[in-house]
Amino acid sequence: ELEEAAMDILQNLGYETLYGPDIAPDGENPERTRYEEPVLIKRLQDTLSLINPNLPSSVIEDAIKQIQRVDSPNLLVNNRNFHRMLIEGIPIEYRSGGRNRTALVKVIDFDNPEGNEFVAINQYTVVEGVGGTRYTHRPDIVLFINGIPIVVIELKNPADENTTVKKAYYQLQTYKDHIPSLFRTNELLVISDGYEAKCGSLSANWERFMPWRTIEGDFEAESSSLQMEVLFRGVLDHERLLDYIRYFITFEDDERGNLIKKSAAYHQFHAVNRGIEETLRATSEDGDRKIGVVWHTQGSGKSLTMLFYAGKLIQKLENPTILVLTDRNDLDNQLYSTFAMNRDLLRQDPQQAETRADIRELLKTTGGGVIFSTIQKFLPEGEGQYPILSERRNIIVIADEAHRSQYSFQRSVTLKYDEDDTLQEVMTKEGFAAHIRHALPNASYIGFTGTPIDLVDRNTVHVFGDYISVYDISRAIEDKT
């Protein structure tokens with residue numbers, strides 16, 4: 001019954017719904033020739049031809065071979081290679097008119113969601129031999145985009161007190177070991193027992209599987225709402241799912257040489273999308289250059305939210321320069337390391353200013369980039385104002401821990417007297433926040449903080465703009481983050 005309810009919701013969301021045994025190689029309407037091949041080849045071929053209308057069939061065939069290719073015995077490495085193809089397209093060399101050419105085959109039409117084919121299949125059998133043993137498994141529901149299995153959903157009986165959503169998680173881990181070919185193209189895993197529903201990435205451990213509390217992001221769903229329906233409508237809606245795949249999944253090469261796949265939680269997804277909307281408003285000709293404040297409590301993945309924001313902003317704003325500012329060296333190094341380990345999402349290597357001279361040179365460029373610096377590097381060589389480095393409007397300053405060091409606009413005056421109490425010197429000094437605004441007079445600012453404060457001349461919202469997103473400690477406790 002839970003499976004039927006799930007399929008009904010997916011059908012309501014616009015998915016074509018099919019029953020796995022019907023399209024099996026020995027089914028009534030076979031769409032597969034082998035249980036060992038999880039991709040629906042004919043559907044993939046037809047949709048690739050539709051969204052790449054000017055490319056010859058031989059190029060489409062080569063692209064399909066690239067999607068099917070296994071490059072490594074490591075599932076995550078193969079998954080990363082496929083994700084790149086999905087996001088960037090597949091470059092295929094071919095010969096036409098006596099010349100060698102290169103075509104970029106789009107696997108998904110991200111700009112036109114309804115130009116793609118969305119199918120939900122329940123009881124989809126996959127057979128695979130691993131380590132000399134032949135395994136047969138039948139996941140509850142698999143979602144396909146253009147014939148490619150993208151989402152795997154595992155359900156557990158809500159009436160059985162011995163089966164929980166955690167058992168659904170462990171079932172997925174077994175599938176990954178026994179039928180890895182189904183997961184080579186996976187973008188999201190979903191589990192539910194009817195009461196709880198969670199989602200996570202291919203490499204996420206149990207603690208990283210998160211609930212999805214909202215559909216549109218404006219407010220949390222009622223506690224009486226079916227969690228599975230909230231998650232399905234909040235993530236698996238066609239447009240939102242493509243947005244999620246394109247901008248909210250990252251592969252991190254950590255410092256120990258491990259590859260980790262990370263995906264956004266609901267508060268990160270909606271904070272970034274609202275942040276992008278406010279950025280486009282603030283940077284417009286009539287914009288006030290105050291993007292706003294993201295208040296996400298400590299431990300809620302603020303660094304990853306910044307990364308997703310920067311990654312999407314690079315695609316949405318024309319050639320932006322993104323300056324990430326902190327007030328401590330350890331925070332600067334930590335954030336820089338996070339961005340550097342996730343360079344695929346940024347499509348470029350971030351740069352870190354080591355000295356005051358570095359930050360001046362990096363910001364004088366007319367090109368874009370992602371730059372890291374501590375706020376203390378914005379100190380003028382002598383007295384007076386900091387020099388203008390750039391007057392471009394597409395410079396975005398991300399202030400981490402925005403409740404500190406970002407309010408020092410006022411000029412302080414120091415009087416120096418000699419032994420006879422005769423005034424010898426008057427020294428004036430501006431705060432770092434004022435120096436940054438002199439250096440980048442048309443930049444726009446967004447603040448990230450876990451602890452906003454509201455004091456005279458130290459009001460986070462006054463400096464950066466209204467709240468974009470609030471994920472406070474009570475919500476973090478409820479979500480067990």
Side-chain angles (χ1 to χ4, degrees), residues 13-16 18 31-32 37-72 75-94 96 101-121 124 126 142-152 180-189 201-202 235-251 261 263-264 308 311-312 314-316 344-347:
L13 286 171
Y15 286 81
E16 179 186 354
L18 299 171
E31 292 195 26
R32 311 167 65 189
E37 177 52 74
V39 176
L40 300 175
I41 300 297
K42 180 67 165 59
R43 288 179 181 265
L44 177 59
Q45 190 174 41
D46 290 347
T47 50
L48 288 193
S49 297
L50 282 173
I51 61 180
N52 299 278
N54 299 320
L55 297 181
S57 59
S58 61
V59 171
I60 300 299
E61 293 293 337
D62 284 348
I64 291 172
K65 289 175 184 174
Q66 293 289 327
I67 291 169
Q68 292 176 294
R69 193 178 70 191
V70 177
D71 295 319
S72 167
L75 174 59
L76 267 181
V77 170
N78 291 325
N79 190 247
R80 179 190 213 169
N81 292 340
F82 169 74
H83 184 76
R84 284 175 177 160
M85 288 188 248
L86 200 64
I87 302 304
E88 300 173 13
I90 306 172
I92 301 291
E93 292 184 3
Y94 70 106
S96 176
R101 302 175 186 271
T102 300
L104 192 65
V105 180
K106 284 196 297 186
V107 182
I108 286 181
D109 188 347
F110 285 104
D111 299 321
N112 177 29
E114 296 313 315
N116 303 286
E117 183 186 63
F118 295 83
V119 179
I121 305 176
Y124 191 74
V126 178
V142 181
L143 304 187
F144 294 76
I145 301 178
N146 301 342
I148 301 170
I150 294 290
V151 180
V152 177
S181 60
L182 178 64
F183 297 89
R184 189 180 72 250
T185 60
N186 180 265
E187 294 295 324
L188 192 65
L189 300 174
S201 77
L202 191 60
V235 187
L236 304 181
D237 164 83
H238 296 176
E239 194 167 333
R240 271 192 282 270
L241 180 57
L242 293 191
D243 185 39
Y244 193 87
I245 291 169
R246 191 178 192 182
Y247 298 114
F248 295 92
I249 291 172
T250 183
F251 289 82
K261 186 177 187 179
S263 55
F308 288 133
K312 188 165 186 177
I314 288 167
Q315 303 297 314
K316 293 294 182 180
D344 282 9
L345 190 71
L346 302 172
R347 302 189 185 187

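If you're wondering where the values come from, they're calculated on a predicted model, not measured in any experiment. Throughout, numbering of the chain's residues begins at 1 and tracks the sequence.
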Shortest non-hydrogen contact between [X] and [Y], atoms and distance:
X	Y	result
Leu143	Ala120	CD2-CB, 3.4 Å
Phe110	Pro113	O-CD, 4.0 Å
Gly115	Ile51	O-CG2, 3.7 Å
Pro38	Ser181	CG-O, 3.5 Å
Pro91	Leu104	N-CD1, 3.7 Å
Val119	Arg43	CG2-NH1, 3.6 Å

Strictly distance-based, threshold 3.5 Å: is any side-chain N or O of [X] a donor or acceptor partner for the main-chain N or O of [Y]?
X	Y	result
Tyr15	Phe144	no
Asn79	Arg184	yes
Asn146	Val107	yes
Ser201	Ser263	no

Enter the distance from [X]:[atom1] to [Y]:[atom2] here, rounded to the nearest 0.5 Å.
X	Y	atom1	atom2	answer
Asn186	Asn78	CG	CG	13.0 Å
Asp243	Asp237	CG	CG	10.0 Å
Leu18	Glu31	CG	CD	6.0 Å
Ile148	Leu48	CD1	CG	6.5 Å
Gln66	Ile92	CD	CD1	5.0 Å
Leu202	Leu189	CG	CG	6.0 Å

Pairwise side-chain contact, [X] with [Y], heavy-atom cut-off 4.5 Å (strictly under):
X	Y	answer
Pro56	Val59	yes
Leu346	Ile314	yes
Asp344	Arg80	yes
Leu40	Arg32	yes
His83	Glu187	yes
Ile145	Leu241	yes
Tyr94	Asp62	no

Using the six-membered ring wherever Trp is involved, compare the ring planes of His238 and Phe118 and label them parallel, tilted or perpendicular (cut-offs 30° and 60°).
parallel
Ring of Phe251, cation from Arg84 - is the NZ or CZ under 6.0 Å from the centre and inside 45° of the axis?
no
Regarding Arg246 and Asp111, does a basic nitrogen lie under 4.0 Å from an acidic carboxylate oxygen?
yes
Is the count of non-hydrogen atoms from other residues, nucleotides or ligands lying under 6.0 Å from Glu37 atom CD greater than 12?
yes
Please determine, by modelled atom types, if Asn116 and Asp109 share a side-chain donor-acceptor pair under 3.5 angstrom.
no
